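Below is one structure; the comments refer to it alone.
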Amino acid sequence: MSTLKVPAVAPSHRDDAMQIYRAFKGIGCDAAAIINIIAHRDATQRSLIEQEYESTYGHELRKRLSSELTGHLKKAVLLWMHEPGERDAFILKKALKGAVKDQKAVTEIVCSRTPSQIGQLKRAYFSNVGSNLEDDIEAELSGEHKKLLLAFLTTSRYEGPEYDETLVEEDAKALNKAARKFGLTGKIFIQIFSDRSRAHLCAVSDIYKTMFKKTLEKAIRDETHKNFEYALKTILRCAEGPPRFYAKALRKAMKGIGTADTDLIRIVVTRAEVDMHYIKAEYRKKYGKTLNDAVYSDTSGHYRTFLLALLGNNN
């Protein structure tokens, strides 16, 4: 469920384009006016505003935003302006081919998506980047992390709630055996985590704890490392519920000294129109404070205003 607050009767995209144009006039720009419009329009409305702005004023809105805004606000607004499918492709391209590779972002985008969403993601990537996502991951990543992501991208998985209890028990035993035998861990974990449905993996996680007196996530943490470990945990946590995964990721982005703003921006922007309402509820349940309050404490200025606008009411 989205947290985006769109006016019941939204102004026309022509009026929005005009107000944004006026916000650019004079010395500096009126960032508050831009936020008040952009942060309260859905993807379709933002696209229409962009089209109107270019046809009326003769230049691209995103380029003007890029030249007028600065810092984290600029990064967040520009990412928000992308159409959702295009946005994921943009994040992946930058994470894979940028000056600094962001394997965490690649893992999060790929491993948090359902099979149907992955199909859409691969089509959007090819359309916007001009190459196959699988080919770029093959070229840019390595090791078991790469093998898992490629398997996850290319394997068809059932999306329904049913699962085979016998196979669940067999998988739990196979994972436990692999975790205790050198050389088997990667192969078996990749096979099961890329092939099984979310409902099946949840059942495996439950029975694993019952059978072996430790959680499956702890087994992953003990036997795997770095990007491969994060990919497995992402798949498992999203199987148990994407809001739980994102609540924990947001907590980590804001925990300790400093804020991982790239992670914070990516999660808030990509989930605001999807399931941020449930992420916020999970965050409050797990950490005893609202996500809005956490973001307020860890950000400042117009950047803070923009993120809080996407998060909606403080609940």
Side-chain angles (χ1 to χ4, degrees), residues 1-8 32 35-36 38-43 72-73 75-77 79-80 84 87-88 91 104-105 107-109 111-114 117 161 198-199 201-203 205-206 209 215-218 220-221 229-315:
M1 185 175 173
S2 171
T3 50
L4 182 65
K5 299 297 181 183
V6 177
I35 291 169
N36 193 47
I38 297 298
H40 297 284
R41 303 294 185 269
D42 63 28
H72 297 312
L73 173 63
K75 293 177 185 177
V77 168
L79 191 61
W80 178 244
R87 182 192 297 134
D88 281 351
I91 293 170
K104 182 178 181 181
T107 301
E108 179 190 297
I109 294 294
C111 296
S112 65
R113 300 316 193 244
T114 65
Q117 290 169 340
R198 284 183 169 181
L201 284 178
C202 283
S205 181
D206 288 342
K209 184 176 182 180
T215 65
L216 181 54
E217 185 164 325
K218 187 176 189 308
I220 292 170
R221 189 165 60 247
E229 175 189 350
Y230 184 65
L232 289 169
K233 290 196 293 189
T234 299
I235 293 169
L236 181 60
R237 288 172 182 171
C238 286
E240 295 170 341
R244 290 182 61 196
F245 165 74
Y246 283 111
K248 190 163 187 174
L250 284 164
R251 172 73 169 181
K252 189 172 183 180
M254 294 182 283
K255 188 178 179 180
I257 299 174
T259 301
D261 290 286
T262 298
D263 295 344
L264 177 60
I265 290 168
R266 182 179 65 251
I267 297 170
V268 172
V269 168
T270 59
R271 309 313 293 185
E273 292 182 277
V274 183
D275 55 0
M276 185 54 73
H277 176 82
Y278 303 112
I279 294 169
K280 288 173 62 177
E282 187 66 32
Y283 192 96
R284 184 167 190 168
K285 175 183 175 182
K286 190 172 181 64
Y287 302 112
K289 66 186 297 186
T290 69
L291 179 57
N292 293 54
D293 285 344
V295 170
Y296 186 90
S297 298
D298 281 74
T299 59
S300 62
H302 291 304
Y303 169 48
R304 169 199 284 164
T305 303
F306 181 70
L307 293 185
L308 290 177
L310 298 189
L311 291 174
N313 297 333
N314 187 15
N315 51 26

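Every value quoted in this text rests on a predicted model; they were computed, and no experiment measured them. These numbers come from the heavy atoms of this one structure, side chains and all, not from hydrogens, waters or symmetry mates. Positions are given from 1, in the same order as the sequence printed here.
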| Parallel, tilted or perpendicular for W80 and F306, by the 30°/60° rule? | perpendicular

| message | Determine whether a donor-acceptor pair (N or O, by modelled atom type, separation under 3.5 Å) exists between the side chain of S205 and the backbone of L201. | response | no

| Between I267 and A249, which heavy-atom pair has the shortest distance, and what is it? | CD1-CB, 3.6 Å

| said: Assess the residue pair K75 and L79 against the criterion (side-chain contact (heavy atoms from CB on, under 4.5 Å)); give the C-alpha distance rounded to whole Å, side-chain angles, the decisive distance to 0.1 Å, and a yes or no. | reply: CA-CA 6 Å; K75 293 177 185 177; L79 191 61; over 6 Å; no

| query | So do the side chains of V268 and L291 get within less than 4.5 Å of each other, counting heavy atoms only? | reply | no

| Would you find a donor on one side and an acceptor on the other, under 3.5 Å apart, between the side chain of S2 and the backbone of V274? | no

| message | I'd like to check P243 versus M1 (side-chain heavy atoms, cut-off strictly below 4.5 Å). Are they in contact? | response | no

| query | Where do I235 and C111 come nearest, in terms of heavy atoms and distance? | reply | CG1-CB, 3.7 Å

| request: Give the minimum heavy-atom separation between A239 and C202, together with the two atoms involved. | output: O-SG, 3.0 Å

| message | Can a donor-acceptor pair be found, under 3.5 Å and without considering hydrogens, that links the side chain of H277 to the backbone of T3? | response | no

| field | Working for side-chain contact (heavy atoms from CB on, under 4.5 Å), residues L264 and D298 | value | CA-CA 10 Å; L264 177 60; D298 281 74; 5.7 Å; no

| Atom pair CG/CG of N314 and D293 - distance to nearest 0.5 Å | 4.5 Å

| query | Could you go step by step and tell me if T290 and L311 meet the side-chain contact (heavy atoms from CB on, under 4.5 Å) rule? | reply | CA-CA 11 Å; T290 69; L311 291 174; over 6 Å; no

| task | Mark yes or no for whether R251, through its side chain, and Y283, through its backbone, hold a donor-acceptor pair below 3.5 Å. | result | no

| Hey, what do you get for CD (E217) to CG (L232), rounding to the nearest 0.5 Å? | 10.5 Å

| field | Non-hydrogen atoms of I91 and A105 that approach each other most closely | value | CG2-CB, 4.3 Å

| query | For K209, which residues count as a side chain to side chain contact (heavy atoms under 4.5 Å, CB included) partner, sequence neighbours excluded? | reply | T215

| task | State, to 0.1 Å, how close P242 and R198 come at their nearest heavy-atom pair, and which atoms those are. | result | CG-NH1, 3.6 Å

| field | Gap separating the OG1 atom of T259 from the NZ atom of K252, nearest 0.5 angstrom | value | 14.5 Å

| Is there side-chain contact between Y246 and M276, with at least one heavy-atom pair below 4.5 Å? | no

| Heavy-atom side-chain proximity of Y287 to K248 below 4.5 angstrom | yes

| message | What verdict does the side-chain contact (heavy atoms from CB on, under 4.5 Å) test give for R237 and R244, after you've listed the backbone C-alpha separation in whole Å, the side-chain angles of each residue and the deciding distance to 0.1 Å? | response | CA-CA 7 Å; R237 288 172 182 171; R244 290 182 61 196; 6.0 Å; no

| Spacing of CZ belonging to R113 relative to CG belonging to D88, to within rounding of 0.5 Å | 4.5 Å

| query | Between the main-chain N or O of N313 and the side-chain N or O of K280, is there a donor-acceptor pair closer than 3.5 Å? | reply | yes

| query | Roughly how far apart are Q117 CD and I109 CD1, rounded to 0.5 Å? | reply | 10.5 Å

| Side-chain donor-acceptor pair present, D261, Y303, cut-off under 3.5 Å | yes

| task | Answer yes or no: is there a side-chain heavy-atom contact under 4.5 Å between H72 and T299? | result | no

| query | Does OH in Y296 sit with more than 12 non-hydrogen atoms of other residues, nucleotides or ligands closer than 6.0 Å? | reply | no

| request: Hey, could you give me the CG/NZ distance between D263 and K104, rounded to the nearest 0.5 Å? | output: 4.0 Å

| said: On a heavy-atom basis, which atom in A76 and which in V269 lie closest, and how many Å separate them? | reply: O-CG2, 3.9 Å

